[in-house]
Amino acid sequence: MRSSFLAPLLLLAATLCAQHAAAQTPDAPQALKPLTADEAFGGVAFAEPRLSPDGRYLALLAAREGRMALSIFDLARSQYVSHLRFTDADIAAPRWVGGEHLVYTLAQRGQSRKTMFRQGGLFMTSVDGQQQRKLHATVNDWLASGLRRYTWMRPLQALPGSEPEFIAACNDVDKDSVDLYRVNAATGKRQLLTRERPARTRDLVLDTHAQPRIAISDVAQSTERVVHYREADGRWRELWRYSATRDDIRRPLSVEADGRLLVATNEGRDTVALREYDPATARWGATMIEHPQYDVAVDALGDEHGELLHDESSGELLGVRIDAARPLFAWMDARRQKLQALVDEALPGRVNALQFSNSPQVFVSSRTDTERATWYLMDSRSGALNPVLNVRPDLDPRRVPATHSLTLRSRDGQALPSHVLRPPLAVAGTPLPTIVLVHGGPWARGAVWGDAGGDMAMARWLASRGYQVLLPSFRGSTGFGKRFLQSARGQMGLAMQDDLDDALDALIARGDADPQRLCIMGSSYGGYASLMAVARTPDRYRCAVAGFPVSDIARLLSSGWSDVSRDKDALEFWIDMVGDPAKQRAALDAVSPRHQAARIKAKVMIYAGVDDPRTPLEQAELMRSALERAGNPPLWLAKYGEGHGYSLTANHGEMLQLLEPFLARQLALPLTAPID
């Protein structure tokens, strides 16, 4: 392999670097600038690289005239063969279906309210761009149709030897189920593969003949899931059933050629592991992948965790990405294990994600906590690693706060995996004004080391401005085993809040946090926890920032405004984990910030979406009214057209424009340069 094959890509990266050279001359260490909003939250010049199954082409998204376009580069001929761009939408999630066709969907990167519904759908393009086809409707198509229910189609795997056919999941048969189709990308014709399947099927697993072999279904108005196995004669039989909130998990992920299943399970152990199971004899086999501290492939609720690593052509499960303290890649065959170790040795201290093809070509995306991804191509025969490009060449990594992972302890001995970010030039051991950044969910995984977006992006933006930022994983956070999850049952506003206090106490005891300059913030559940924190300990925090918050738990679950209260399955889950508003109203009110507003002394900022379906605007308005009655009116921002999060860049920027001076006033830091 010659690195000159990639000359057009390298030239494009070099051009981008040159464009930013004047504005991005390396700063002297004493004059590092805080991250701008674009640098912390903005997109990259290149994204989502996909190596074709035969290793000949590289498909990638590239920023062109304000939109993410799809470009296809011929590695054999060392040239681009096609470019595809929409003026009113971004291309997203490209995926190969054979060696000459790709499918993709549309997205919006926050540009305009006028185009915000131009997203979704499924489209096909040939490598040369000459063939184009819409395979499934977009959100705009759905709105224009007058249909009451939105449907989607998601590609699952290609069909080797049957190009350009692929298997796709779709929810168009009934609202409570997912079905599988065999789709011809070139003609748009499709064949339903699941005419006979269990009711309320939420997930399906194919065998090596691309036939549905496993179906996982829900039991109405409960947290119970049922795993079904299809016999050779086509009959479905029940293998297992379990409660997603109370029982051990047994979720099949793959059907091997010999008929054995690869099952994600925590039966007899704390963390979920990947084990073999023989459905013919009902016997467990070897444990294929496990980790003593982190769930593998699936969390203790039975939901996917980390990433399943499949062969793009056959759909075979090759390994998993484990979201440990730093992401790990666990492959099930010796060849890939060896190549992963080879790359990790060549690029130490980085997260190195590998894409394999049927050729010797291996694509490597390598990143750290302070750098966006750098791409490489490796020849698996020689081990030669050739750089392709840096996806964010204009960002000086010295200006990006590093992420320090540590395990703190709760008062009852629970391990609290956490991340801490400090300003790049902060002196070790110096107590800093500290912000506790609480993740949403709450039954979700918080930030992972090296994340580019989400809470980690906010933490970098804050830390670059002089704050220490603590991102704790409190009980109920997923991915850390079933004991950690189950210890959160009935503890919203109680032990879950204690964990936040205990993690912060540990930083103060280390001498890293200034106990007189503390703030807490977060969105969704993080907004709830921030409000609850300043109500429980009125003299601890100077401020709280609550985005899209819950302020009245009982009302959230009973009002009918929230999609949680309207969805009987979701409501059952919340009642099981938090409490029943019909039976435990007083207990829920006692841990609802709205009813504790008179105790709050800290300054509060609240921001919300007027059209939020998850935590309706009334939740934020009830909190605002309660604080006003208590003589502590909050700083307020509510944006029309926004839901559970600010999707438009302008609205997110307006929130940051309010947030920075708010924090600076409360924690007595000078303002930084204007936010762009």
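One finds no salt bridge joining Asp612 and Arg614 here, because no Lys/Arg side-chain nitrogen approaches an Asp/Glu carboxylate oxygen to under 4.0 Å. Using a cutoff of 4.0 Å between basic side-chain nitrogens and carboxylate oxygens, Asp38 and Arg109 are not scored as salt-bridged. Contact check on Arg275 versus Glu290 returns no salt bridge, with no Lys/Arg side-chain nitrogen under 4.0 Å from an Asp/Glu carboxylate oxygen.
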Please assess Asp552 against Arg555 for the test salt bridge (Lys or Arg N to Asp or Glu O under 4.0 Å), listing each intermediate value before the final yes or no. CA-CA 5 Å; Asp552 187 326; Arg555 188 166 180 83; 5.8 Å; no
Full working for salt bridge (Lys or Arg N to Asp or Glu O under 4.0 Å) between Asp539 and Lys601: CA-CA 7 Å; Asp539 297 315; Lys601 299 179 182 179; 2.8 Å; yes
Evaluation steps, salt bridge (Lys or Arg N to Asp or Glu O under 4.0 Å), between Asp501 and Arg540: CA-CA 10 Å; Asp501 290 337; Arg540 175 160 225 196; 3.5 Å; yes
Test salt bridge (Lys or Arg N to Asp or Glu O under 4.0 Å) on Glu371 and Arg392; report intermediate values, then the result. CA-CA 8 Å; Glu371 298 177 63; Arg392 189 75 199 239; over 6 Å; no
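Of the inter-residue distances, the one linking Arg251 atom CZ with Leu301 atom CG reads 11.5 Å to the nearest 0.5 angstrom. To the nearest 0.5 angstrom, Glu660 atom CD is 4.5 Å from Arg465 atom CZ. For the atom pair Gln497 CD and Thr537 OG1, the distance stands at 8.5 Å (nearest 0.5 Å). For the atom pair CG of Leu504 and CG of Asp512, the computed distance is 11.0 Å after rounding to the nearest 0.5 Å. Rounding to the nearest 0.5 angstrom, the gap separating the CD1 atom in Ile216 from the CZ atom in Arg250 is 13.0 Å.
A donor-acceptor pair is defined here as one N or O able to donate and one able to accept, closer than 3.5 Å; no such pair exists between the side chain of Thr370 and the backbone of Ala402. Side-chain atoms of Thr615 come within 3.5 Å of backbone N or O of Phe548 as a donor-acceptor pair. Checking side-chain atoms of Asp611 against main-chain N and O of Gly641 turns up a donor-acceptor pair under 3.5 Å. Arg460 contributes no side-chain N or O that, together with a main-chain N or O of Pro401, makes up a donor-acceptor pair within less than 3.5 Å. With Arg542 contributing its side chain and Gln666 its backbone, the two residues share a donor-acceptor pair below 3.5 Å. At least one donor-acceptor pair closer than 3.5 Å links the side chain of Thr105 to the backbone N or O of Gly120. When atom types are taken as modelled, the side chain of Asp499 and the backbone of Arg475 share a donor-acceptor pair closer than 3.5 angstrom. Under the 3.5 Å distance criterion, the side-chain polar atoms of Ser562 are matched with a main-chain donor or acceptor of Val564. For Gln584 (side chain) and Gly579 (main-chain N/O), no donor-acceptor pair under 3.5 Å exists by modelled atom type. Between the Asp344 side chain and the Pro348 main chain, no donor and acceptor come within less than 3.5 Å of each other.
Listed by first and then second residue, the disulfide (SG to SG under 2.5 Å) pairs involving residues 450-525 are Cys519-Cys543 (not counting sequence neighbours). For residues 465-498, the pairs satisfying ring pair (Phe, Tyr, Trp, His ring centres under 6.0 Å) are Tyr294-Phe480, His439-Phe474, Phe474-Tyr525, Phe480-Phe484, with sequence neighbours left out.
Neither side chain, Gln108 nor Ser647, offers a donor N or O lying under 3.5 Å from an acceptor on the other. Under the 3.5 Å distance criterion, with hydrogens and angles disregarded, no donor-acceptor pair is assigned to the side chains of Ser592 and Asp589. For the residue pair Arg350 / Ser366, a side-chain donor-acceptor distance below 3.5 Å is found, with atom types taken as modelled. Side-chain atoms of Ser405 and His419 include a donor-acceptor pair closer than 3.5 Å. Side-chain N/O atoms of Asp502 and Ser410 include no donor and acceptor closer than 3.5 Å. A donor and an acceptor atom, one from each side chain of Ser559 and Ser565, are nowhere located under 3.5 Å apart.
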N/O donor-acceptor pairs under 3.5 Å from side chains in residues 424-434, not counting sequence neighbours:
unit_1 : atom_1 : unit_2 : atom_2 : d
Thr430 : OG1    : Val427 : O      : 3.0
Thr434 : OG1    : Leu432 : O      : 2.9
Thr434 : OG1    : Gln468 : NE2    : 2.9

Per-pair distances, 0.1 Å, donor-acceptor, side chain in residues 488-495, under 3.5 Å, sequence neighbours excluded:
unit_1 : atom_1 : unit_2 : atom_2 : d
Arg489 : NE     : Gln486 : OE1    : 3.4
Arg489 : NH1    : Asp576 : O      : 3.1
Arg489 : NH1    : Asp576 : OD1    : 3.3
Arg489 : NH1    : Asp576 : OD2    : 3.4
Arg489 : NH2    : Thr245 : O      : 2.5
Arg489 : NH2    : Gln486 : OE1    : 2.6
Gln491 : OE1    : Ala495 : N      : 3.2

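Between Ile322 and the choices Asp295, Val296, Thr271, the side chain to side chain contact (heavy atoms under 4.5 Å, CB included) rule is met once, by Val296. When each of Leu318, Leu309, Leu317, Val320 is tested with Met332 by the rule side chain to side chain contact (heavy atoms under 4.5 Å, CB included), just one qualifies, namely Leu317.
Every residue meeting the side chain to side chain donor-acceptor pair (under 3.5 Å) condition with Ser523, not counting sequence neighbours, appears here in chain and number order: Tyr607. With sequence neighbours left out, the side chain to side chain donor-acceptor pair (under 3.5 Å) criterion links Thr649 to no other residue.
Ring centers of Phe41 and Tyr646: at least 6.0 Å apart, outside the cut-off.
In plain terms, the two heavy atoms of Ala546 and Gly527 that are nearest each other are CB-O, 3.6 Å.
Counted within 6.0 Å of CH2 on Trp449, heavy atoms from surrounding residues, nucleotides or ligands total more than 12; the atom is thus considered enclosed. When the shell of 6.0 Å around NZ of Lys482 is examined, it contains more than 12 heavy atoms from other residues, nucleotides or ligands. Annotation for Arg483: atom CZ does not count as buried by contact number, only 12 or fewer foreign heavy atoms lying within 6.0 Å.
Residues Leu663 and Leu462 form a side-chain contact, since some pair of their non-hydrogen atoms from C-beta on lies under 4.5 Å apart.
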